[in-house]
Amino acid sequence: MGKTWNVMVDGIGYYVELKNNKQAVVNGAVYNLKEHRKKTGMLQTEYEIPVGYRNALLIIRSMAQPCLVIDNRDCETGEEYVPLKMPAWAWLFIVLHFINFRNGAIGGAMGAMGMIATASVSANRKMNIVVRILIDIGILIGTYAVVIGVATILYLLLY
């Protein structure tokens with residue numbers, strides 16, 4: 001199961017399919033993504049694959065749908081592609097999630113999940129900055145609440 005796009009490049013139609021986040025198929029031609037990696041970051045990995053006489057940017061994001069960009073346009077929405085960039089204030093939330101790693105395996109798992117969720121929300125420029133900050137605060141409170149809740153339940157059960 002994968003994601004598919006029907007795109008037009010220079011008047012020619014192309015069928016692009018992403019298979020298991022490992023291969024891209026363009027009109028039957030198979031491209032292994034690991035050979036076409038352009039950039040890897042905390043939030044996403046970018047691959048450059050040929051579509052006709054142009055190169056398309058295939059973006060696989062954590063916790064989001066893959067995106068195909070040709071000529072700086074998202075092939076699904078037609079909107080201009082805006083690269084993800086995590087703002088400086090988001091690092092405060094990342095550090096606060098990192099502190100959760102001191103709380104054992106559950107704290108580490110919740111800290112990692114919180115970091116990924118915070119990075120994804122913070123880099124989404126389509127949302128208002130106030131909304132992003134409020135969601136980040138909610139994620140932070142939620143992750144710590146889970147750790148404290150599990151610790152409390154375990155304490156009550158064991159002692």
Side-chain angles (χ1 to χ4, degrees), residues 1-101 105-140 142-143 146:
M1 185 175 135
K3 178 82 173 147
T4 61
W5 298 269
N6 286 309
V7 297
M8 293 287 286
V9 176
D10 298 328
I12 301 171
Y14 293 91
Y15 179 76
V16 180
E17 182 179 9
L18 175 64
K19 290 188 174 182
N20 298 324
N21 289 352
K22 293 183 181 179
Q23 291 181 326
V25 181
V26 180
N27 283 359
V30 179
Y31 299 98
N32 289 322
L33 292 182
K34 65 181 178 181
E35 298 169 5
H36 295 274
R37 183 174 291 133
K38 181 181 175 188
K39 182 178 173 186
T40 301
M42 182 176 174
L43 304 174
Q44 67 187 20
T45 304
E46 298 177 359
Y47 302 93
E48 203 168 69
I49 58 170
V51 176
Y53 294 107
R54 299 184 190 217
N55 283 331
L57 192 62
L58 178 61
I59 301 152
I60 300 177
R61 295 180 177 150
S62 59
M63 299 177 61
Q65 289 288 324
C67 177
L68 184 68
V69 177
I70 298 176
D71 293 333
N72 209 31
R73 293 266 174 215
D74 185 328
C75 291
E76 191 157 336
T77 64
E79 297 175 353
E80 184 178 352
Y81 170 67
V82 179
L84 290 179
K85 183 180 179 204
M86 199 161 59
W89 54 263
W91 288 102
L92 171 67
F93 291 102
I94 298 291
V95 168
L96 292 173
H97 282 294
F98 189 74
I99 294 170
N100 218 351
F101 278 92
I106 295 171
M110 294 308 297
M113 288 173 43
M115 286 179 186
I116 292 169
T118 296
S120 294
V121 168
S122 299
N124 186 351
R125 293 189 214 171
K126 292 181 180 179
M127 271 193 259
N128 184 325
I129 190 168
V130 175
V131 173
R132 289 187 280 167
I133 291 172
L134 291 174
I135 292 172
D136 286 343
I137 291 170
I139 293 168
L140 186 66
T143 56
V146 168

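Every heavy atom of this structure was used, including side-chain atoms; hydrogens, water molecules and symmetry mates were not. Counting begins at 1 with the first residue of the sequence.
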Enquirer: Starting at SG of C67, measure out to CD of E46 and round the result to the nearest 0.5 Å.
Expert: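 Going from the SG atom of C67 to the CD atom of E46 covers 9.5 Å.
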Enquirer: Among I133, V131, I135, which residue satisfies the side chain to side chain contact (heavy atoms under 4.5 Å, CB included) criterion with V121?
Expert: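 Of all the options given, the one that passes is I135.
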Enquirer: Any chance you could measure K85, atom NZ, to S122, atom OG, to the nearest 0.5 Å?
Expert: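 Result: 13.5 Å between the selected atoms.
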Enquirer: Is the F93 ring parallel, tilted or perpendicular to the W89 ring (thresholds 30°, 60°)?
Expert: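 Rings of F93 and W89: perpendicular, as their planes differ by over 60°.
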Enquirer: Could you check whether any side-chain heavy atom of Y31 comes within less than 4.5 Å of a side-chain heavy atom of V26, counting everything from C-beta outward?
Expert: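 Yes, side chains in contact.
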Enquirer: Taking all non-hydrogen atoms of both residues, which atom of A24 and which atom of L58 are closest, and how far apart?
Expert: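 That would be CB-CD2, 4.3 Å.
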Enquirer: At what distance, to the nearest 0.5 angstrom, does NZ of K38 lie from CG of L33?
Expert: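 So the NZ of K38 and the CG of L33 are separated by 14.5 Å.
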Enquirer: Are any of the side-chain heavy atoms of V16 and V25 separated by less than 4.5 Å?
Expert: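 SC-SC contact between V16 and V25 ruled out.
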Enquirer: Could you tell me whether a side-chain N or O of D71 sits under 3.5 Å from a main-chain N or O of R73, the two making a donor and an acceptor?
Expert: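 No: the side chain of D71 does not pair with the backbone of R73.
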Enquirer: Flag the pair Y47 / H36 as yes when their ring centroid distance falls below 6.0 Å, and as no otherwise.
Expert: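 Centroid separation for Y47 and H36: 6.0 Å or greater.
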Enquirer: Side chain to side chain contact (heavy atoms under 4.5 Å, CB included) for M113 and I139? Distances and angles first, verdict last.
Expert: CA-CA 9 Å; M113 288 173 43; I139 293 168; over 6 Å; no
Enquirer: Step by step, work out the side chain to side chain contact (heavy atoms under 4.5 Å, CB included) result for L134 and D136.
Expert: CA-CA 5 Å; L134 291 174; D136 286 343; over 6 Å; no
Enquirer: Could you tell me whether the side chain of N32 and the main chain of K34 form a donor-acceptor pair under 3.5 Å?
Expert: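 Side chain of N32 to backbone of K34, a donor-acceptor pair under 3.5 Å: no, none is there.
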Enquirer: Nearest 0.5 Å, what's the CD1-OH distance between I70 and Y14?
Expert: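 I70 atom CD1 to Y14 atom OH measures 9.5 Å (nearest 0.5 Å).
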Enquirer: State, to 0.1 Å, how close G13 and N27 come at their nearest heavy-atom pair, and which atoms those are.
Expert: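 Scanning both residues, the minimum pair turns out to be O-ND2, 3.5 Å.
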Enquirer: May I ask you to decide if L140's main-chain N or O and T143's side chain share a donor-acceptor pair within less than 3.5 Å?
Expert: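 Checked: pair present.
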Enquirer: Counting only heavy atoms from other residues, nucleotides and ligands, does the tally under 6.0 Å from CZ of F98 exceed 12?
Expert: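 No, CZ of F98 has 12 or fewer neighbouring heavy atoms, counting only those of other groups under 6.0 Å.
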Enquirer: If the threshold is 4.0 Å, N to carboxylate O, is there a salt bridge linking R54 and E48?
Expert: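 No, no charged N to carboxylate O under 4.0 Å.
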Enquirer: Can you check whether Q65 reaches E76 side chain to side chain, under 4.5 Å on heavy atoms?
Expert: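 SC-SC contact between Q65 and E76 ruled out.
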Enquirer: Would you indicate whether the side-chain heavy atoms of W5 and P66 approach each other to under 4.5 Å?
Expert: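 SC-SC contact between P66 and W5 confirmed.
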Enquirer: Hey, what do you get for OH (Y15) to OG1 (T4), rounding to the nearest 0.5 Å?
Expert: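 Going from the OH atom of Y15 to the OG1 atom of T4 covers 4.0 Å.
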Enquirer: Would you name the heavy atoms of V130 and N128 that are closest together and state the gap between them?
Expert: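 Scanning both residues completely, I find the closest heavy atoms to be N-OD1, 2.9 Å.
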Enquirer: Please name the pair of heavy atoms, one in R132 and one in P87, separated by the smallest distance, quoted to 0.1 Å.
Expert: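 Between these two residues, the closest heavy atoms are NH1-CG, 4.4 Å.
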Enquirer: Please lay out, stage by stage, how L68 and D74 fare under the test side chain to side chain contact (heavy atoms under 4.5 Å, CB included).
Expert: CA-CA 6 Å; L68 184 68; D74 185 328; over 6 Å; no
Enquirer: If you measure from CD on E35 to CD on Q23, what distance do you get to the nearest 0.5 Å?
Expert: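 Those atoms lie 9.5 Å apart.
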Enquirer: Report yes if the side chains of M110 and F101 come closer than 4.5 Å at any heavy-atom pair, otherwise no.
Expert: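 Heavy-atom side-chain distance check fails, nothing below 4.5 Å.
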